[in-house]
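Structure record follows, encoded as structure tokens.
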Amino acid sequence: MPTLNMRGLRDTRKLKALLRQGKSIELRDRNKVIGRIVPETESTAPVEWPDFEGRLKDIFGDRVFNVVDDLIKDREDRV
């Protein structure tokens, strides 16, 4: 595990490079470990979305709605 002292924290390029590689870093003060800097872990589980198309078919069946015609009809009625 790579180590850095307090002064080494100034070198942010090196710190970022090590974290991007997935390495944890020990932070030391006078050769005593005072902490660890751990890279952020990405969630690997994909998000499961509901079956919207299946729900739509369950609710409305095979009906097709022509929204544009309905909109034009509504606007004609208002004028």
Side-chain angles (χ1 to χ4, degrees):
M1 179 180 309
T3 61
L4 286 176
N5 58 14
M6 297 303 286
R7 181 172 286 183
L9 285 176
R10 293 180 186 174
D11 186 9
T12 58
R13 287 184 187 173
K14 182 178 178 182
L15 180 64
K16 287 179 187 178
L18 290 170
L19 290 172
R20 285 188 182 122
Q21 293 172 6
K23 296 182 180 179
S24 297
I25 302 160
E26 282 186 349
L27 185 58
R28 293 180 174 254
D29 187 27
R30 297 184 183 186
N31 291 329
K32 290 186 179 181
V33 177
I34 59 172
R36 286 186 176 77
I37 302 174
V38 182
E40 183 69 29
T41 58
E42 295 181 13
S43 61
T44 56
V47 177
E48 288 194 32
W49 289 88
D51 183 16
F52 293 116
E53 189 174 352
R55 286 184 182 184
L56 185 67
K57 192 165 186 143
D58 287 344
I59 295 170
F60 297 109
D62 292 330
R63 290 185 283 175
V64 177
F65 298 99
N66 196 341
V67 178
V68 176
D69 289 340
D70 291 340
L71 180 65
I72 292 171
K73 183 181 174 189
D74 286 344
R75 288 189 178 182
E76 287 174 353
D77 292 342
R78 290 183 184 174
V79 175

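Separation of atoms NZ (Lys57) and CG (Asp62) is listed at 4.5 Å; rounding is to 0.5 Å. Atoms CZ and CG, on Arg36 and Leu27 in that order, are 10.5 Å from each other to the nearest 0.5 Å. Distance check: Lys32 NZ to Asn5 CG gives 15.5 Å after rounding to the nearest 0.5 Å. Rounding to the nearest 0.5 Å places CD of Glu53 at 11.0 Å from CG of Asp58. Asp70 contributes atom CG, which lies 12.5 Å from atom CZ of Arg75 (distance to the nearest 0.5 angstrom). The distance from atom CD of Gln21 to atom CD1 of Ile25, rounded to the nearest 0.5 Å, is 9.0 Å.
For Pro39 against Leu19, the heavy-atom pair with the smallest separation is CB-O, 3.5 Å.
Side-chain contact between Ile37 and Leu4: absent, with no pair of heavy atoms (C-beta onward) separated by less than 4.5 Å.
Taking hydrophobic clusters as Ile, Leu, Val, Met, Phe, Trp and Tyr residues chained together by side-chain heavy-atom distances below 4.5 Å, Val33 does not share a cluster with Leu15. Linking ILVMFWY residues whenever their side-chain heavy atoms come closer than 4.5 Å, directly or via other members, places Val47 and Phe52 in the same cluster.
Heavy atoms from other residues, nucleotides or ligands lying under 6.0 Å from CG of Asn31 number 12 at most.
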